[in-house]
Each structure stands twice: as structure tokens, then as C-alpha cells.
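Input: a single structure, listed below in C-alpha cells.
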Amino acid sequence: MAAMRAVLPGVPLVLLCFFLLCPCPCPGPLLAGGIPTTLEGPFPPVTVPLDKSFRGNAVDLPDTDRRVQRTVSDFEPEQISVSLSTSHDSVWISWITGDFQIGDNITPLDPSSLGSVVYYRASRSGRSHRATGYSLIYNQLYPFEGLKNYTSGIIHHVRLKGLKPSTLYSYQCGDPSIAMSEVYYFTTMPVTGPSSYPSRVAVVGDLGLTYNTTSTVDHMLSNHPDLVLLVGDVTYANLYLTNGTGADCYSCSFPQTPIHETYQPRWDYWGRYMQPLVSKVPIMVIEGNHEIEEQAENRTFVSYSSRFAFPSKESGSSSTFYYSFNAGGIHFLMLGAYISYDKSSDQYRWLEKDLAKVDREVTPWLVATWHPPWYSTYTAHYREAECMRVAMEDLLYSYGVDVVFNGHVHAYERSNRVYNYTLDPCGPVHITVGDGGNREKMAITHADEPGNCPDPSTTPDTYMGGFCAFNFTSGPAKGNFCWDRQPEYSAYRESSFGHGIFEVMNETHALWTWHRNQDLYKYAGDVIYIVRQPEKCPIKGKRDI
Ligand SMILES: [Fe+2]
């Protein structure tokens with residue numbers, strides 16, 4: 001209780017309000033009279049019963065919705081966004097000029113025909129700066145009769161440098177000789193260090209572009225995030241044929257297509273819809289399976305890799321699939337589940353180097369994200385990423401990762417601290433927030449319920465490949481491929497749409513709240529202080545395992 005009293009003064013008034021007003025069913029610890037902390041864990045597993053009144057189809061925004069339509073002309077910038085570089089002194093500004101083309105005869109635009117320029121200045125300094133960047137286009141090509149090809153507008157990425165921390169900047173982007181954007185604003189991250197943190201980091205996964213997505217984004221905006229983490233599965237353009245016909249389940253509705261088609265304009269719709277949020281709040285994205293989007297010559301992830309700016313080069317990565325960055329005293333690891341992760345892979349070697357460089361005196365918090373969860377108890381995607389867990393969990397544990405954020409499973413779940421299927425006070429808290437609101441089904445059934453345990457041989461993801469379920473024949477999870485009740489590592493699970501807010505208070509305490517779309521904006525469905533214990537769990541150097 002001493003630790004709880006110590007942190008309560010830092011609890012925002014609104015959180016205390018929703019705590020007091022929290023309607024049933026509340027998670028057990030809340031009824032005890034305070035916000036729980038991981039120090040009091042591990043907690044008995046909680047499953048919130050399915051609230052059927054909030055189900056229903058998640059319907060995609062149609063192309064007639066004004067929020068997805070093009071509102072600029074010719075080569076005026078649109079789909080404007082901000083993303084971070086590796087520290088507070090640099091960000092990326094991205095935008096698109098010129099319209100896409102889709103059809104049988106497409107003529108790619110010439111990216112060299114337009115400049116990529118950003119004018120920016122600290123709102124109070126008055127001195128204007130100019131930065132230039134690069135531009136590209138991408139094509140999504142299907143060499144099959146009757147399928148339409150796509151070529152994008154010109155995508156621009158410009159890196160701004162020399163920025164002051166925690167400072168409001170105004171900016172305009174475009175080509176000064178043709179058209180510049182309106183004035184937009186963003187605020188830089190706090191200085192990298194142990195005593196400054198972004199106020200609120202929104203975490204969301206599997207977002208899509210449905211009416212439920214708009215509810216999620218509205219709720220997220222109401223929480224005024226400083227940074228958005230999108231943990232994979234962005235637009236769900238791959239639930240469409242190239243003629244624009246969509247379905248909630250591609251393989252069910254279109255089983256005979258020669259290649260898994262996509263309708264790339266959905267990406268443009270998504271970029272337009274998101275602009276009001278991400279032109280002012282930086283967004284950091286990691287790839288999910290819906291970004292694979294295979295096309296001619298076996299090319300994959302082309303839209304994902306082209307449209308977003310990633311601090312890959314700045315963080316020593318050679319790939320858009322994995323990178324890292326700092327936000328105040330938090331070091332974020334953005335990891336790729338759909339690229340090699342074995343110990344001999346480039347990603348693993350990069351991760352070892354990146355972790356070795358992290359100084360926990362400077363960035364006490366170490367947060368890792370990737371798309372498919374390792375510790376999910378829902379039937380959907382059960383154990384899909386087991387091979388990735390086998391390959392990487394020891395390394396992440398040895399460096400004392402505090403929190404893991406995942407998506408992929410369309411529901412919410414928070415784990416107790418866990419490592420190798422064993423409750424461990426020094427293991428990370430794993431949080432799945434794949435409940436952003438896309439048009440696919442909500443995950444509802446759990447693998448520990450009678451009849452819902454999948455055959456292990458069917459669980460590996462077809463794209464990731466590999467079969468590592470043999471890990472359940474020995475070791476701490478022996479005989480427990482599926483449990484006969486909610487596993488002890490699963491602290492709280494609930495099938496609802498929503499998003500989370502990660503709010504680091506200081507070197508040891510971070511408040512995590514999960515907000516359900518069906519609740520009033522400031523209510524939280526799940527809330528807990530995640531507490532680091534650097535003395536109990538040494539973090540200087542690599543922890544022995
Ligand atoms: Fe996914």
C-alpha cells in the first residue's frame with residue numbers, strides 16, 4: 001500500500017473519477033479501493049463476460065464518406081503525417097501529392113518532378129528553417145487478366161533536424177514553386193533522459209477504417225496523446241479485390257483469386273481520414289500481416305514501406321521492418337514478426353547491438369512492440385508466433401524489457417509479468433490491443449474453453465512458417481499447449497473495441513489504461529500501474545538467464 005499511496009498524488013483527477021464511477025463488471029483489484037500495481041501481482045485471471053449489446057458488424061467507411069475523399073487539387077499536399085526519428089531533436093514529415101491511378105492503363109508519376117520541402121519554426125522563436133527530403137512512388141501490380149494495377153501519388157518524406165525538446169513547431173510542406181500546405185503544428189518529444197516522459201502514448205492495433213475505427217480514433221483524440229503507436233494491421237486494403245469489392249473475410253468470399261488482391265485506394269482513404277490526428281501527433285507504425293500485400297515478382301509490404309517514414313537508418317537498422325527510437329526516458333523497440341528473427345538473422349544481430357547501446361540510466365523504460373502476441377489466450381491466432389518467442393524471448397528478458405505491446409488478436413488482454421510461460425516478477429507485462437476496430441471478426445473464444453483448443457499443427461502462421469509447438473512437450477509449459485482454465489499468466493481479458501494509453505510518471509511507475517469504445521471517453525475498462533523494480537531486477541548490463 002505504501003507504493004500505492006506514493007503514486008496516487010500523480011493520478012490525474014479524471015482517472016480517479018472514472019475509478020470511483022467504474023460500472024460493473026470491474027476488475028477485482030479496483031474494488032479494493034485503489035488503482036492496482038504490478039507489485040501486488042500476480043493477479044488471479046479475470047475474464048470479463050462478453051457484452052453482446054456492443055457487438056455488431058464493423059462496417060468500412062465507403063469511398064463516398066467525405067472523410068476519405070480527396071479535398072486538394074493537382075499537386076497540393078494531402079495525407080500529411082508526422083513520425084519520430086530516434087530522439088527529440090528530429091522528426092519526419094510525410095505527405096502525398098498528385099492522385100493515384102488504378103486501372104488497366106496507368107502511367108506512374110515522376111517523383112523527381114516535384115520538390116520535397118518543409119518550412120518549419122518553433123512557435124515562439126520566429127526563425128524559419130527549411131528542410132528538403134526525397135520522394136518516391138510505388139506500384140501495386142497484378143499480372144493477371146482482369147485485375148487492375150495501381151500507382152500511387154508522389155510520396156514525400158522530409159527529416160527535420162536540430163529541434164528543441166518539448167517544443168511546439170509550426171510547419172508547411174510541399175513544393176514552394178507549385179503548392180505548399182496549410183500551416184500545421186506538432187510538439188517534439190521531451191528530452192531523452194530519465195526525468196522527462198511523453199505525457200500520454202496511445203497504443204492501438206488492427207485499426208482498419210470502419211465506423212468502429214472512427215470511434216476508436218475519437219476516443220484516442222479525447223485522451224490527447226503525444227504519440228501514437230500503431231502495432232500493425234493498418235488499412236485492411238487486402239480485404240478487397242482490385243475492383244473495389246470488399247469482404248469481411250477474403251478467403252471466404254474470394255477463394256478462387258489467382259493472387260491475394262488488394263484495393264490500394266483504401267490506403268489513400270486511410271491517410272486522408274487519419275490526417276487530422278497524425279499531422280499533429282507523431283505516429284509510429286510496425287508491420288502486421290495485413291501489410292504483406294503480395295504482388296507481381298513476389299514483392300511484399302511495398303505500400304507499408306513506401307508510405308511511412310521510419311527511423312531505420314538513424315537507429316542502425318537496414319530495414320523498415322524493425323527499428324528503435326527514444327521518447328523521453330523510454331526506449332522503444334519496434335520489431336518485425338514477418339521477417340527473419342532467428343539468432344543468425346540481421347534483425348536479431350541488430351537487436352543485440354541496439355540493446356547493448358541502451359543506457360537505462362538515460363532511458364529507464366524499455367518497451368517492445370511487434371504485431372502477433374506471444375502471450376494471448378484467445379483461440380484466434382493462438383500460438384502463431386511461438387517460433388518468434390522461442391527465438392527472441394531470452395534476449396528481451398535478459399535486457400529487462402518492461403512492457404510488450406502487440407496487436408493481431410482482435411480483443412484486449414493484459415498479462416501478469418511472465419517469462420517462458422512462468423510467472424516472473426522481472427518478466428515483461430504483455431499487452432494485446434488488437435481491438436482497434438477493423439472489419440474482421442472480434443476475437444471472442446478462448447483456447448482454454450472446452451472445444452476451442454486448436455490442433456498444434458494448424459497454429460503456425462502460414463507466412464511466418466515454422467513449427468515450435470514442441471516447446472509444450474517439455475519445460476514450464478509441458479502438457480499445456482492449451483490450459484483447462486484461463487492461464488495464470490493471463491491477468492485480464494475482454495472482447496471489446498478500444499485503445500490504450502501508456503503514461504510514464506517517473507523512472508519506476510507507469511500508468512496503463514485501456515479505454516473501451518462503448519464507454520464514455522474518460523472511462524477505463526482496465527487500469528494498472530506498471531512498476532519497475534530496478535533493484536530487484538538488475539538492468540545494468542545483460543541479465544543472466
Ligand atoms: Fe494481424
Side-chain angles (χ1 to χ4, degrees), residues 58 60 203-210 212-213 216 228-240 246-254 260-263 266-267 270 283-294 300-305 307-308 320-322 334-339 341 368-389 392 404-413 430-447 454 458-466 493 495-500:
D60 263 354
V203 189
V204 65
D206 304 68
L207 194 55
L209 187 57
T210 72
N212 284 312
T213 307
T216 304
V228 174
L229 290 187
L230 176 47
V231 294
D233 285 359
V234 179
T235 68
Y236 290 75
N238 72 338
L239 295 184
Y240 285 79
D248 294 347
C249 169
Y250 184 98
S251 61
C252 312
S253 300
F254 314 122
H260 190 130
E261 300 176 31
T262 69
Y263 188 63
R266 295 298 302 179
W267 278 94
W270 190 89
I283 182 169
M284 303 304 279
V285 183
I286 199 65
E287 82 278 6
N289 54 304
H290 280 272
E291 282 70 74
I292 297 172
E293 302 192 319
E294 59 266 40
T300 53
F301 291 100
V302 177
S303 181
Y304 161 81
S305 294
R307 288 175 182 265
F308 297 112
T320 57
F321 289 60
Y322 53 88
M334 310 293 280
L335 301 181
Y338 302 97
I339 189 171
Y341 42 66
T369 85
W370 60 88
H371 185 58
W374 296 347
Y375 290 98
S376 167
T377 62
Y378 291 87
T379 310
H381 306 299
Y382 191 65
R383 301 275 175 264
E384 261 189 24
E386 180 63 10
C387 288
M388 185 189 181
R389 188 194 70 79
M392 298 187 119
V404 172
F405 292 120
N406 303 121
H408 199 41
V409 176
H410 300 162
Y412 174 72
E413 187 161 18
H430 291 252
I431 296 173
T432 299
V433 283
D435 57 341
N438 70 79
R439 68 182 294 175
E440 287 186 327
K441 286 180 182 170
M442 170 77 69
I444 292 170
T445 63
H446 309 107
T458 67
T459 55
D461 174 81
T462 51
Y463 187 85
M464 295 169 73
R493 62 188 183 188
S495 299
S496 288
F497 294 122
H499 78 283

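Just so you know, ligand 1 is whichever comes first in the structure, and atom 1 is the first atom listed for that ligand. Note: hydrogens, waters and symmetry copies are ignored here, and every other heavy atom, side chains too, is used.
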**Study point:** Presence of N, O or S from His408 under 2.8 Å of the Fe ion (ligand 1)
**Key:**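 Under 2.8 Å: His408 contacts the Fe ion (ligand 1) through an N, O or S atom.
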
Practice item. Please state whether the separation between the Fe ion (ligand 1) and some N/O/S atom of His290 is under 2.8 Å? Key: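 It does not; every qualifying atom lies at 2.8 Å or beyond.
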
Practice item. Test ring-ring contact (aromatic ring centres under 6.0 Å, His included) on Tyr338 and Phe321 and set out the steps. Key: CA-CA 8 Å; Tyr338 302 97; Phe321 289 60; 8.7 Å; no

Exercise for review: Verify, without hydrogens or angle tests, whether Thr210 (side chain) and Arg439 (backbone) share a donor-acceptor contact under 3.5 angstrom.
Suggested key: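 Answer holds: no.
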
Review point. Just by distance, with hydrogens left out, do Tyr240 and Asp60 show a side-chain donor and acceptor under 3.5 Å apart?
Key: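 Per modelled atom types, Tyr240 and Asp60 side chains form a pair under 3.5 Å.
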
Check your understanding: Would you say the side chains of His290 and Glu440 form a donor-acceptor pair under 3.5 Å?
Key ->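 There is such a pair (donor and acceptor under 3.5 Å, judged by atom type) between the side chains of His290 and Glu440.
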
Practice item. Considering just N/O/S atoms, say which atom of Asp233 is closest to the Fe ion (ligand 1). Key: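 Within Asp233, restricted to N, O or S, the Fe ion (ligand 1) is closest to atom OD2.
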
